[in-house]
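The structure appears right after this line, and notes come after that.
Keep in mind that this is a model prediction, so the values were computed, not measured.
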2 protein chains.
Amino acid sequence: MLIEIDFRDKRPLYEQISDRLKRLIEQGVIGKDELLPSVRALSMELSINPNTIQKAYGVLDRDGYSYSVAGKGSFAADVSALLPARREAFYHELDEVLKRAPALGIGVADVTEHVRGVMKKGEQYDTDH
Amino acid sequence: MLIEIDFRDKRPLYEQISDRLKRLIEQGVIGKDELLPSVRALSMELSINPNTIQKAYGVLDRDGYSYSVAGKGSFAADVSALLPARREAFYHELDEVLKRAPALGIGVADVTEHVRGVMKKGEQYDTDH
DNA sequence: CAACTGTACTATCAGACATAGTACAGTTAG
DNA sequence: CTAACTGTACTATGTCTGATAGTACAGTTG
């Protein structure tokens, strides 16, 4: 349900799974200290080898998105500490995309207009940063 | 000179080479119908196997960035026909990045301001699209 | 105790990437 | 015509990553 595998995606399964879980934790769908599905349960649900799930969970732990306790399970970590780094990564990715604009004849006005068109929701109180 | 390999990059060599050449052709550094370096010459210059260069050139041909003639060489194609598709791909990639903004507390104003800060050059005559 | 949890191995298979070597057909300058 | 270039097409090999399979062990919990 929460996790779905796209077999058309060329990325490795463990990366798809870890990325999907990262976003669920970032967005608060999985709250702080909430129990994640067990390695074996998720491997059953997705029909994927447990080792592959374990690898994905290892990435989550390593990147600070979860903490695991043998015998208990894996839990969502407090991601507020990761916010500055994630914002920096966001602007870096944004810059990489914007680099291509000039060669396409796309200007500042085009981009800003497009941005306003896409990001129009949930902006009642979030405009002050 | 025009092409450089970054061995820290995890992407395959042939992809680095084809991407680099695509941008050179996109930006007009290599003009329409201009002769690209030969497979063997480029393999010597970069100290890379000719088969790897051939694979990169195959990608260029397949994606419409070049056309090759046995005995003569590979030439830059007319990329103007690719412009609409490239613009569409640009906005698609942009949207993918922007999706993450709300979860980071980054609003429209933040993004547009950042965009203006980054894309300030060459905007004297390109603002009308 | 039984059934769960994460974790750590080894082994195997498949595919992608890169290299090496050879070969062939078309083009061009001499 | 010949020699030297061009792209192209193979086969073979080695390496690495991703994924699977199976087993095992330690900690937690009802």
Show each protein N/O and nucleotides 5-9 of chain D N/O combination with a separation under 3.5 Å, one pair to a line.
unit_1: D:dT6; atom_1: OP1; unit_2: B:Ser38; atom_2: OG; d: 2.9
unit_1: D:dT6; atom_1: O2; unit_2: B:Gly71; atom_2: N; d: 2.9
unit_1: D:dG7; atom_1: OP1; unit_2: B:Val39; atom_2: N; d: 3.3
unit_1: D:dG7; atom_1: OP2; unit_2: B:Val39; atom_2: N; d: 3.0
unit_1: D:dG7; atom_1: N7; unit_2: B:Arg40; atom_2: NH1; d: 2.9
unit_1: D:dG7; atom_1: O6; unit_2: B:Arg40; atom_2: NH2; d: 2.9
unit_1: D:dT8; atom_1: O4; unit_2: B:Arg40; atom_2: NH2; d: 3.4

Completion exercise
Those residues at least two apart in sequence (or on a different chain) that pass side-chain contact (heavy atoms from CB on, under 4.5 Å) with B:Ala77 are B:Tyr67
Exercise for the section: Check ring-ring contact (aromatic ring centres under 6.0 Å, His included) between A:Phe90 and all other residues, then give those that pass, not counting sequence neighbours. Expected result: none
Handout entry: Pairs flagged by side-chain hydrogen bond (donor to acceptor under 3.5 Å, both in side chains) wherever residues 45-56 of chain B is involved - sequence neighbours left out
Key = B:Asn49-B:Asn51
Handout entry: Stretch residues 3-21 of chain B: residues that reach within less than 4.0 Å of DNA chain C through a heavy atom
Key = B:Pro12, B:Leu13, B:Tyr14
Problem - B:Arg11/B:Asp6 ion pair, N-O < 4.0 Å - result: no
Problem - Atom-to-atom span, CE of A:Met44 to P of D:dT20 - whole angstrom - result: 14 Å
Exercise for the section: Just grab all the salt bridge (charged side-chain N to carboxylate O under 4.0 Å, His left out) pairs involving residues 26-35 of chain A, residues at least two apart or on different chains. Expected result: A:Glu26-A:Arg86
Completion exercise
ring-ring contact (aromatic ring centres under 6.0 Å, His included) filter on B:Tyr91, not counting sequence neighbours, yields A:His114
Problem - Residue pairs involving residues 70-82 of chain A (criterion side-chain hydrogen bond (donor to acceptor under 3.5 Å, both in side chains); sequence neighbours excluded) - result: A:Ser68-A:Ser74, A:Asp78-A:Ser80
Handout entry: side-chain hydrogen bond (donor to acceptor under 3.5 Å, both in side chains) partners for A:Glu96, two or more places apart
Key = A:Lys99
Handout entry: Any A:Lys55 side-chain N or O less than 4.0 Å from OP1/OP2 of D:dG18
Key = yes
Exercise for the section: Rounded to the nearest angstrom, tell me the gap between atom CG in B:Asn49 and atom P in D:dA12. Expected result: 17 Å
